[in-house]
There are 2 protein chains.
Amino acid sequence: MKLIDSSTEHKILEAAKTEFLEFGLYGARMQNIANRAGINKALLHYYFRNKEKLFDKVFESALERYFSNMDIMSDNRLDFKERVHLLVDRFLDFLEEYPQMALFLIKEVSANEALFIEKVEKSQKGNITLLKALLEARDSGVISVQDPLLFFVQLISMCTYPFVAKPLFTVIASRNGTNWNSAAIKAMRTSIHNFIDHQLNPI
Amino acid sequence: MKLIDSSTEHKILEAAKTEFLEFGLYGARMQNIANRAGINKALLHYYFRNKEKLFDKVFESALERYFSNMDIMSDNRLDFKERVHLLVDRFLDFLEEYPQMALFLIKEVSANEALFIEKVEKSQKGNITLLKALLEARDSGVISVQDPLLFFVQLISMCTYPFVAKPLFTVIASRNGTNWNSAAIKAMRTSIHNFIDHQLNPI
DNA sequence: TCATGGTTTAACCAAATGGTTAACAAAAGT
DNA sequence: ACTTTTGTTAACCATTTGGTTAAACCATGA
């Protein structure tokens, strides 16, 4: 049947995701998205009134995916410190699967902070964030950490920036006879886990 | 005199720098640059044939400034570890002064890796990089570090990402009753110095 | 079978934008 | 003085691009 068949909509969203992830809101071209989806450009506007609306959908789902990694922090069956380790693993898996995601989010958040705030309220509703969990765990004496915000920022930085600046690190590494490859990223993983162990001290 | 008076060229470069840093190569508008510089748009093309050439100049000087921070690594009067500490301080000063710089460089490097490689060859000629210094120091037994490349990546990540993702951290922090402000960045500084002390062990 | 309404397209439009041209103004050279 | 070179401008041009329109297509229910 034709009515409920939203395969076109799906194709469009996939194409838009690819294009927006690569070129961002302003760099992306509606014509390219139409081409990728194998449809006419006018059809884009039929399904998603305009570029911003379409971008909105992609951005929202990207954000949701990003923050969904933090769900694990509310799993009370696990030891707190264990949760942080698992979160980092999930987060790194996520970034390895979508290497462009980090830079995409940063670019768009910087370009339109207001939209980000709005979306965060929406997609994060009910979810607990890592920072919130850290603050609560410290306040309730579950864990000892000297500065939760600083720990949070450094942890996220060590996880994310290597992917954000991958081209830069790749070039610099290769110019010095080493390689910033997946083996190096594996080493990075264990190093980050060490960092967690050193900074979070159970009481 | 008129001939040698290149104040117009300087005004253009300043205006271009501001515009490009904020909007990047594609987001920047030649008309805006002309307005900022208080001149006619055609004059831009008179001084710098086209947008890319103008961008090139700005990008090159940004890169040069970025890498010039590493000069200190070749100052043999100082203890090696001390050099790294100083380098980080200089680097953080630099990023505090030009907070948009990091994201700007990352964006443009990702968008045009080839241009970056070309520019690096040029601006880095003769300069020693941090990574190279680390590798050499380890090989010559000056210092012990378990994985120079990893140390390098994590150090740069901890220094840079907080500035790259400043809007993100600011929003998340404020939503949790804390503040990602200059005081927090000061705390970050000392934490990074601790990181260096733990990772680099003089022999 | 044919009228209906959701789906898809080709052709078109208006605005934005990088770049050009021709003319003019100001210095510098002679 | 006057000619040549350099600096500057307003008006214009070609292309790109997001968005619109009117017509065609096609599955379905009467």
Side-chain angles (χ1 to χ4, degrees), chain A residues 1-62 104 107-108 111-112 114-115 119, chain B residues 1-62 104 107-108 111-112 114-115 119:
Chain A
M1 83 186 118
K2 197 86 181 288
L3 256 178
I4 309 176
D5 174 20
S6 61
S7 83
T8 305
E9 186 169 338
H10 185 253
K11 272 191 299 180
I12 293 177
L13 281 172
E14 276 305 302
K17 184 172 131 190
T18 311
E19 177 83 4
F20 281 130
L21 270 176
E22 184 159 0
F23 300 109
L25 169 55
Y26 296 111
R29 295 291 163 246
M30 294 296 267
Q31 187 60 58
N32 283 356
I33 297 175
N35 292 149
R36 282 185 206 268
I39 55 154
N40 188 285
K41 189 176 55 137
L43 208 49
L44 292 182
H45 294 86
Y46 176 75
Y47 278 92
F48 306 88
R49 191 160 313 201
N50 56 39
K51 194 183 186 182
E52 286 199 3
K53 290 255 196 305
L54 177 55
F55 176 79
D56 233 52
K57 281 273 192 298
V58 172
F59 185 61
E60 203 171 313
S61 92
F104 169 74
K107 266 160 74 171
E108 303 308 327
N112 191 346
L115 179 67
K119 292 298 172 198
Chain B
M1 84 189 115
K2 195 88 181 285
L3 255 179
I4 309 177
D5 174 20
S6 61
S7 83
T8 305
E9 187 169 337
H10 186 254
K11 271 192 300 180
I12 292 177
L13 281 173
E14 277 303 303
K17 184 172 132 191
T18 311
E19 177 83 4
F20 281 131
L21 269 176
E22 183 158 1
F23 299 110
L25 171 54
Y26 297 111
R29 296 290 164 245
M30 293 296 268
Q31 187 60 59
N32 283 355
I33 297 176
N35 292 149
R36 282 185 206 267
I39 54 153
N40 188 285
K41 189 175 53 136
L43 207 50
L44 293 182
H45 295 85
Y46 177 76
Y47 278 93
F48 305 88
R49 190 158 314 195
N50 56 39
K51 194 184 186 181
E52 286 199 3
K53 290 255 196 307
L54 177 54
F55 176 80
D56 234 52
K57 280 274 191 299
V58 172
F59 185 62
E60 202 172 311
S61 92
F104 168 75
K107 266 160 72 170
E108 304 307 329
N112 191 346
L115 178 67
K119 291 299 172 198

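Every value quoted in this text rests on a predicted model; they were computed, and no experiment measured them. Lettering of chains follows the sequences in order, A, B, ..., and the numbering in each one begins at 1.
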Report each atom pair, protein N/O against N/O of nucleotides 13-15 of chain D, whose distance is under 3.5 angstrom.
none

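Applying the side-chain hydrogen bond (donor to acceptor under 3.5 Å, both in side chains) test to every pair with at least one member in residues 22-32 of chain A, sequence neighbours left out, gives these pairs: E19(A)-N32(A).
Between dT8(C) and T8(A), a contact under 4.0 Å exists linking OP1 or OP2 to a side-chain N or O. Put simply, Y46(A) has no side-chain N or O that comes within less than 4.0 Å of OP1 or OP2 on dT8(C).
Across all non-hydrogen atoms, the minimal contact from V58(A) to L13(A) is CG2-O, 4.4 Å. Taking both residues in full, the closest heavy atoms of I12(A) and L43(A) are given as CD1-O, 4.3 Å, listed atom of the first, atom of the second, then distance. The minimum heavy-atom distance between A28(A) and F23(A), with the atom names listed, is N-CB, 3.5 Å. Nearest heavy-atom pair across E108(A) and G24(A) is OE2-CA, 3.2 Å. Of all heavy-atom pairs between H45(B) and N50(B), the closest is CD2-CA, 4.1 Å.
Rounded to a whole Å, the CD atom of E9(A) is 10 Å from the P atom of dT7(C). A straight line from NZ of K51(B) to P of dT20(C) spans 14 Å, rounded to a whole angstrom. One interatomic measurement links the two molecules: NZ of K11(A) to C1' of dT7(C), which rounds to 12 Å at whole-angstrom precision. Remark: C1' of dG18(D) and CZ of F20(A) are 11 Å apart, rounded to the nearest angstrom.
Heavy-atom neighbours of K11(A) NZ from other residues, nucleotides or ligands within 6.0 Å: above the threshold of 12.
Listed by chain and number, the residues in a side-chain hydrogen bond (donor to acceptor under 3.5 Å, both in side chains) with D56(A) are K119(A) (sequence neighbours excluded). In terms of the salt bridge (Lys or Arg N to Asp or Glu O under 4.0 Å) criterion, E14(A) has no residue partners (sequence neighbours excluded).
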Should F55(B) and F20(B) be marked as a ring-ring contact (aromatic ring centres under 6.0 Å, His included) after you check the CA-CA gap, both sets of side-chain angles, and the distance that decides it?
-> CA-CA 7 Å; F55(B) 176 80; F20(B) 281 131; 5.0 Å; yes
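Side chain of K51(A) to backbone of L25(A): a donor-acceptor contact under 3.5 angstrom is found.
Contacts between residues 22-33 of chain A and DNA chain D, counted as heavy-atom distances below 4.0 Å, involve A28(A), R29(A), M30(A). Using a 4.0 Å cut-off on heavy atoms, the residues of residues 38-45 of chain B that approach DNA chain D are I39(B), N40(B), A42(B), L43(B), listed by number.
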